[in-house]
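Heads up: the structure comes next, in structure tokens.
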Amino acid sequence: GPPGRLSFELLSPCQPCPRGLRIFGSGTAAMKGAVMLPQNDESDSEGGSESCSASSGVEDVFYDKHSCTDIPCAVLFLAAVCFFAYVFLWGEWNGDLKKMSHGIDRHGMICGVSANVSDKPFMYYCPQQFDFTNFTWQLEVEPQDPICVSACPQNSTEGAVMVSDCPASQKTPYSSKLVAQWYCLPDDSALAKAQVKFDRRINSLSQGSSDGFGLLHGWPVMLLVVFVATVLGYLYLFMLRLLAKGLIWVCVLLSIVALIGAGCYLWVQGASALDADSELTAEQQGNLDLGAKALGVFFWVSAFLVSCLGCCCAGEIGLSTACIQQGSQVIWKMPLLLCAPLAKAVAKATLALTFFFGFMRLWSTAEVTGMGTTRYYHFSFEQKLYLCVFVAVGMWILETITALYQFSIAYAVAKYYHTPKDDEGDRDVDCLGVLEGLKAGLFFHLGSLALGSAIITALEIVQKLLAFAELKNKEEGNNQVVSCILSSLLCCCYCVEGVVQFISKNAYIDIAISSTGFCHAVRNVGRVMLDHGAAMAVLNGATMIFQIVGMVAITLVCGLMSYVLLEQDMFSQPTSSYFVPNRVLATAVACILALIVSWAFMTVFDMATDTLLFCLSLDIRKNGTAVNADDKMKDLFEQARFKADKLRRKETEKAEHGAKIASRKK
């Protein structure tokens, strides 16, 4: 064609592909509507490993084959989101959170909210009787005369005007303490003393004294832990490509040794290992010592479980190694995949907090009655409808974000799988495949993702309702028959949800590959599972040991590093501005951070391997052979299929043997 335009041509199965053109797939099946893309001569001349490049100006066949699916569901979802936004704004306009926290006086007015007491935000209880022995005002258990005041009275002189709303016999004020931000209680009351103690603990925490934990002062260690965990995650993926078999045994042994050592340390040191406070009573000291020993036993049990995992999976190490190396190779070529879990976590956490405050704002639109701290909420039908819609659509949005996350990773990995190799056997991988998958999910398949998410959301709502019914049953007599029925239904609901989540995840993979609707993708998943489900299950189980051991090893290394660093003078000396008094708690927080980072690596790893396996299975089902898979991956799948057939034959023989024994007994 003319310069600057793409020309397309159908080739016969035997005709070689001209230089500068690329065909997705190979053989006769690849000729059906195959689109040939100009090949960059400079990239062809480069040898070595597979390259990672940003999207070029050449037409992207894998993206362009996607079209809109499940449009009615997309329209319904967008309409629900719009109504959700309206309800959110309605709650912002009409709600007042002060109605949920401020006290209610004896006339039913909310302090600081109602018109007559808008300038009196604090609640004060009028004294009920006078103790002539101790000359102090005493309050009953449930005071009946709360009033609103502009400030908490400090003595009888200052507070005389403040408490003028009290009955005539109760107008002598007492010295009070501000409790829970809005309530004035006597200085000698239990709640006031608790508030004083709480304030002291908060102040000591902010100052980093020995009474608090001072976790914020250990931020350099926490930041270093996140960085080291990230580096170890990448190193783990890199080592899996080279020395997967040796690495897994090293990680297993290190995990066992570290868990046993931590358990012995806690058992021997007892409460002192937890930086116990010297001011604790003997009973508290004994409880803390028992807790330390229990934690040590937990570490020993964990070491035993890791040992059992290594022993039970020893025969699968070869199969696991091959599968793991394929998955790590994909992730290593597209490192942006590892940012996906963090982005999903930040997005869901931000939205969840926003939805929570929006829900509280919406709840505060109710009419509030009561007295003191006791309050009752009265909702109209419209408000009840808004609350139900807000909760249901909010859960739907959060579940759709999870679906979009899974689809984006599946899209990037599927595009990698279907990217043809060049003359040197390399793949020109798009580094931004996960962002392209996000774009495809939003613009083409939002309806399909929303449909799958809606089913899971409906099951979660049913679970919450059943759990609430079970709680109410326990509060109202705990009928054993009702409890049994509700527990059975809840168990079934959990099982169904797990199955639906598994099917939906694989359906998203099929949508990323074939650009089909959700229902059609579910049918494809069912067919693939019937044909190759056993082999896929074997390979999924084979990768589990690497994921578990990887998370345990990274967490333990970072935990040990943080504990050693916190023992240094910079963090252990009280005069230091970085003093961390409770090093064990700080180490536990560091371990949690390391676990979260390692979990991010492993979740992407799990989704990548699942996508590769589904792509290969779908490829075999459509073309009779895996035309796009590497030879190693083909051999890996054949091994898994052989093992699955072997396990199936064993189960069949066992069942036949049991039937024969039963017939003989008869």
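Values reported hereafter were calculated over all heavy atoms of this structure, with side chains retained and with hydrogens, waters and symmetry mates removed. Positions are given from 1 along the sequence.
Using a 4.5 Å cut-off on side-chain heavy atoms (C-beta onward), I513 and H418 make contact. Residues E92 and F357 have side chains not in contact (no heavy-atom distance under 4.5 Å, counting atoms from C-beta outward). At least one side-chain heavy atom of M607 sits under 4.5 Å from a side-chain heavy atom of I509. By the 4.5 Å heavy-atom criterion applied to side chains, F359 and L387 are counted as neighbours. The shortest distance between side-chain heavy atoms of V597 and I554 does not fall below 4.5 Å. Side-chain atoms of I455 and S504, non-hydrogen and from C-beta on, never get closer than 4.5 Å to each other.
A donor-acceptor pair under 3.5 Å is formed between the side chain of H66 and the backbone N or O of A512. With hydrogens and angles ignored, the 3.5 Å screen pairs no side-chain donor or acceptor of D510 with any backbone N or O of N506. Remark: side-chain polar atoms of K415 are not paired, donor with acceptor, to backbone N or O of G437 under 3.5 angstrom. When atom types are taken as modelled, the side chain of T365 and the backbone of L362 share a donor-acceptor pair closer than 3.5 angstrom. No donor-acceptor pair closer than 3.5 Å links the side chain of T69 to the backbone N or O of G517. Within the 3.5 Å criterion, the main-chain N or O of V482 finds no donor-acceptor partner in the side chain of N473.
Ring orientation note: the planes of F77 and W396 are nearly perpendicular, at an angle over 60° on the 30°/60° scale. Aromatic ring orientation, Y86 versus F83: tilted (interplanar angle from 30° to 60°).
One distance of note links OG of S453 with CD1 of I401; it measures 9.5 Å at 0.5 Å rounding. The line from NZ of K472 to CG of L486 is 13.5 Å long, rounded to the nearest 0.5 Å. Remark: H445 NE2 to I71 CD1 distance equals 11.5 Å, nearest 0.5 Å. In this structure, CD1 in I461 is found 5.0 Å from CE in M395, a value given to the nearest 0.5 Å. If you take CG on L446 and OG1 on T400, they are separated by 7.0 Å, rounding to the nearest 0.5 Å.
Judged as a side chain to side chain donor-acceptor pair (under 3.5 Å), and not counting sequence neighbours, S515 has no contacts.
Aromatic rings of Y508 and F614 (six-membered ring for Trp) have centroids beyond the 6.0 Å cut-off, not under it. The aromatic ring centroids of F444 and Y63 lie less than 6.0 Å from each other.
When all heavy atoms are compared, the tightest approach of A440 to Y411 is CB-CE1, 4.1 Å.
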| Candidate pair C519 and L451, rule side chain to side chain contact (heavy atoms under 4.5 Å, CB included), full reasoning | CA-CA 9 Å; C519 295; L451 178 56; 4.3 Å; yes
| message | For W363 and F390: C-alpha separation, side-chain torsions, deciding distance, then whether side chain to side chain contact (heavy atoms under 4.5 Å, CB included) applies. | response | CA-CA 11 Å; W363 186 274; F390 191 89; over 6 Å; no
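Note on residues 347-356: pairs passing side-chain hydrogen bond (donor to acceptor under 3.5 Å, both in side chains), not counting sequence neighbours, are K348-T402.
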